[in-house]
Participant: 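One structure follows; several queries about it will come next.
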Amino acid sequence: MPVPESIITQLNNAKQLEEFKQSTGAFYDWLNQEFAHQPVERLVKARSSFIDQLLCLVIKRFSLDKQTGLLLIAVGGYGRGELHPFSDIDFLLLVETEPSTELCEKIGQFVTFLWDLNLDIGHSVRTLTQTLEQTKTDVTFATSLLECRLLYGAPAQFDAMQEALVTSDQWRSDEFFIAKTNEQTLRHNKCNGTAYNLEPNLKENPGGLRDIQTIIWVAKKHFHAHTLQELVNHGYLTHEEHQELLECLQNLWNIRFALHLAAGRKENRLLFDHQPLAAELLGFGSDGRASVERMMKRLFRIMSRVRELNQMLLSYFEQSILPDAISQTPEALTEDFNYIGNQIMVKDPSVFFRREKIFELFELIAQHPNLTHIHPSTIRTIRQVRRRLLGDLQDYAACRKAFLAIVRHPKGMGRAFTLMHKHGILAAYLPQWRNIFGQMQFDLFHAYTVDEHTHKLIQNIFDYFEPDCVTRFPLCRDIVTRMEKPELLYLAGIFHDIAKGRGGDHSELGAVDAIAFAKLHEFSNFDARLIAWLVENHLLMSVTAQRKDINDPNVISEFASRVKNEKQLDYLYCLTVADIRATNDNLWNDWKNTLLRELYLSTQRALRLGLENPMDLRDQIRDKKIQVKQKLITIGFTEPQIDLLWSRFKADYFTRFSSQQITWHSEHLLNAKDATQPLIMVSEEPMHGGTQVFVYSQDEINLFARLVNALGSKKAHIHYAQVMSTKDGYAIDNFVVLEKDGEAISSSGRINSIRRSIEQAIKESGKKIRFKKNRTRRFKGFNIKPQVIVRPHGRKDRTLIEIQAVDIPGLLTKIAEVFHSMALNIHAARITTVGERAEDFFVVSNNEFLALNDNEQISIQNALIKRLNSDSD
């Protein structure tokens, strides 16, 4: 579509910088207006055409048109004539000889003027010799020249350059193919090998625009093909596949164009912040999450198709370009299947008329570790079979039997399951899986769609059976090797989130689906109930470990009563670890590992003791004291010294801290020269999954706020905290802190710095607190509001405040700031982080050490909500 004549006239008449800006502004306004009415390919071509004319005018403005032998050449996407609203404008200025000082100055003015127009440009100035040299070592530069286009200069000189590039043959076809496929592999690996990130990169993700461009680049280099249509002529694409690729390309362009408009700048990641407006611009509606879900499901389906077509075509190209790299002679594997190198292929496409043969293909992959890929001809056949299906594959009894054979095979849920997911067979088998394909998760801590999260969970379970798991997850490894039916764990994993997106409790709905599946597949009632119980309770262990005090015997007793037996505990523990690890790449850490392991072992012990006779609180405290006292006596302390120290502590101290922690605290408190002075300890080695910060000091009204601010100033992430007081008015504040990456703090310099910061905070108790400010990323696509609940406490002179909010940097500092401003006494606190959500509990009193009255409760509730909702740093 041509650019409106009025805009071109305005551009041609521009003399000053501001006039050029006005014409480019008018063009961008036109692009915005026309996006809803014109095909996107016309608009990307229109922007390229507009920039062509703009560059040629600016060339003349700085008299570069009078420079003999200078060529202005568009390269890369601009060379293809495809520019999205804020895409980079890449060009090469080709000169005959090294530019003079005068020419360098003019080129500098030319480039600066384009920058002043707020254009993102990528440019280089080279002679033909330098250009040829650069292509030898830089495959990206060589690729950009495959799509070059003359903008200004002598056509004969441009033709000579292209001829020189062809005849120099800097990159042979086979070398270029290897380089581009290696480049693609590295790119995919950076995206964790999946297209289904909740904030996908439209160019770089598997199935993104780069995957289509890689096909085109290889085709241009080897076949000298300039369009995808020519691949149909060469027999590599069918007409239907060609149309499918074009439709996918147009859809990706549409979404990228909308993303640029929504972001107001160059952006390739479809971030949460931009998704609602992009969905609205694309016509998916303006109803928030629902419109975003519709857009994202469409996008993930497109990426899945592109990735599959990319793999199929590159495999075909490999056979043509690297004929000696793989065996070309099929060898028999079974009556219906052959193999070529590491690829499995069906002998005759009609074999799949018997649908169970589809699953036999994947079972053979499980049986033969050397078979890592599916032959492109068989991928094409699978795609055709998928289109012709009139129902679900699970409708066939033979398919159900074949599917269970894969689930029960020791290697079935590894590569075979991954390929079933990748090529749409799982969605063709389970209708519920189709529903979660590309399903978004609006909770900020999931990094993947529901189906990809579940796929990763299954791979995590599969890893338990691998030998190296002995060192990485020894307890899980020990449990699964004792399991009689590991397939039940796999099936619970498949169904644990399968009801997400339907409304209602996904755990309960998923349990119903699991029962129906088990009945259809003729599982025993016992096995069916176990799968359903795991699905319904798959969050139970995580929630208990992270939100409750697992040192409390009542908590363990309640959890054990719900788990009922060790068998269910074993399955639930392995499922929970796999689930958390599959949520995103940063959520799992030693802290969570320690919590879950301790909960597992405590529950196992409770079950073995018998729920009817659980260990009560007094027994637990007595046993813990005996254990710790023995350790302290062996290092030189006497029993009277120990008893005197412990007489100052309340019972909850001995229930809330482990034997290891109590030993650590007691040793340093007993060694202290002056028991009235503050004691600050930071563990030099990880303890209970993180770095422990222990503060013992005279209790003050603002102590907690000072400690939180001191830790925040050192960028130590507070993952867990407990606050309590002794009988004689001393505060015990214990924090578990981690680095930003979730690891314990290991640097001795960092540890000493944290200790000094806390010492300084305690010394300056009379000074006003200057709270450390933290910048936070706002998520416009999510309407997540903090909740503050104020309720009575068990003691009449105390009030309980519960706060639930997104765990953004500085959250605890904001809370402490409000408590400090309202002069509240904090008598106890429990700080926990569950994924992206912080759940904090505080036991407080007012400045007269009384429970908060009605007006004070309303004031603190409003103050907290206002502060937590504020965007200010």
Participant: What do you reckon, is CD of E684 surrounded by more than 12 foreign heavy atoms closer than 6.0 Å?
Facilitator: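 Atom CD in E684 is not packed in, count stays at 12 or less.
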
Participant: Assess the residue pair S602 and E598 against the criterion (side chain to side chain donor-acceptor pair (under 3.5 Å)); give the C-alpha distance rounded to whole Å, side-chain angles, the decisive distance to 0.1 Å, and a yes or no.
Facilitator: CA-CA 6 Å; S602 297; E598 288 182 355; over 6 Å; no

Participant: Looking at residues at least two apart in the chain, or sitting in another chain, which of them share a ring pair (Phe, Tyr, Trp, His ring centres under 6.0 Å) with F704?
Facilitator: F842

Participant: Can you tell if the side chain of F819 reaches within under 4.5 Å of the side chain of I860, non-hydrogen atoms only?
Facilitator: yes

Participant: So, using salt bridge (charged side-chain N to carboxylate O under 4.0 Å, His left out) as the criterion, who are the partners of D497 when residues are at least two apart?
Facilitator: K500

Participant: Rounded to the nearest 0.5 Å, how far does CD1 of I826 lie from CG of L703?
Facilitator: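 Here the rounded value is 8.5 Å.
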
Participant: Got F657 and M724 here, is their nearest side-chain heavy-atom distance under 4.5 Å?
Facilitator: yes

Participant: Sequence neighbours excluded, which residues qualify as salt bridge (charged side-chain N to carboxylate O under 4.0 Å, His left out) partners of E508?
Facilitator: none

Participant: Between N869 (side chain only) and I865 (backbone N and O only), is there a donor and an acceptor less than 3.5 Å apart?
Facilitator: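 Side chain of N869 to backbone of I865, a donor-acceptor pair under 3.5 Å: yes, one is there.
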
Participant: In chain order, what residues pass the side-chain hydrogen bond (donor to acceptor under 3.5 Å, both in side chains) check against D590, with sequence neighbours excluded?
Facilitator: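 Counting only residues at least two positions away or on another chain, D590 forms no side-chain hydrogen bond (donor to acceptor under 3.5 Å, both in side chains).
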
Participant: If a pair satisfies ring pair (Phe, Tyr, Trp, His ring centres under 6.0 Å) and one of its residues is in residues 533-558, list it, with sequence neighbours excluded.
Facilitator: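 Pairs touching residues 533-558 that pass the test: H496-H538, H506-H538.
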
Participant: Determine whether N752 and R756 make a side-chain contact, defined as any pair of heavy atoms from C-beta on separated by less than 4.5 Å.
Facilitator: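 The answer is yes; the side chains approach within 4.5 Å.
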
Participant: Does the salt bridge (Lys or Arg N to Asp or Glu O under 4.0 Å) test come out yes or no for R706 and E700, once each step is laid out?
Facilitator: CA-CA 10 Å; R706 291 187 177 282; E700 296 178 358; 5.2 Å; no

Participant: Using the side-chain hydrogen bond (donor to acceptor under 3.5 Å, both in side chains) criterion, which residues pair with N734? Sequence neighbours excluded.
Facilitator: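 side-chain hydrogen bond (donor to acceptor under 3.5 Å, both in side chains) check on N734 returns Q692.
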
Participant: Any heavy-atom pair between the side chains of I642 and I633 that's under 4.5 Å?
Facilitator: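 Yes, side chains in contact.
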
Participant: Please check if atom NZ in K796 has more than 12 non-hydrogen atoms from other residues, nucleotides or ligands closer than 6.0 Å.
Facilitator: no

Participant: Could you tell me whether the side chain of N671 and the main chain of E667 form a donor-acceptor pair under 3.5 Å?
Facilitator: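 Answer holds: yes.
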
Participant: Would you sort out whether H453 and D579 count as a side chain to side chain donor-acceptor pair (under 3.5 Å), showing the intermediate values?
Facilitator: CA-CA 8 Å; H453 159 71; D579 190 14; 2.9 Å; yes

Participant: Set out, in order, the CA-CA distance, both residues' side-chain angles and the distance that settles side-chain contact (heavy atoms from CB on, under 4.5 Å) for R472 and D463, then state yes or no.
Facilitator: CA-CA 10 Å; R472 293 186 296 118; D463 283 346; 4.1 Å; yes

Participant: Can you tell if the side chain of W664 reaches within under 4.5 Å of the side chain of H668, non-hydrogen atoms only?
Facilitator: yes

Participant: Does atom NZ of K567 have more than 12 heavy-atom neighbours, drawn from other residues, nucleotides or ligands, at distances under 6.0 Å?
Facilitator: yes

Participant: Tell me, do Q568 and N537 make a side-chain contact under 4.5 Å, heavy atoms counted?
Facilitator: no

Participant: Would you check if the side chain of T544 reaches a backbone N or O of M541 as a donor-acceptor pair within less than 3.5 Å?
Facilitator: no

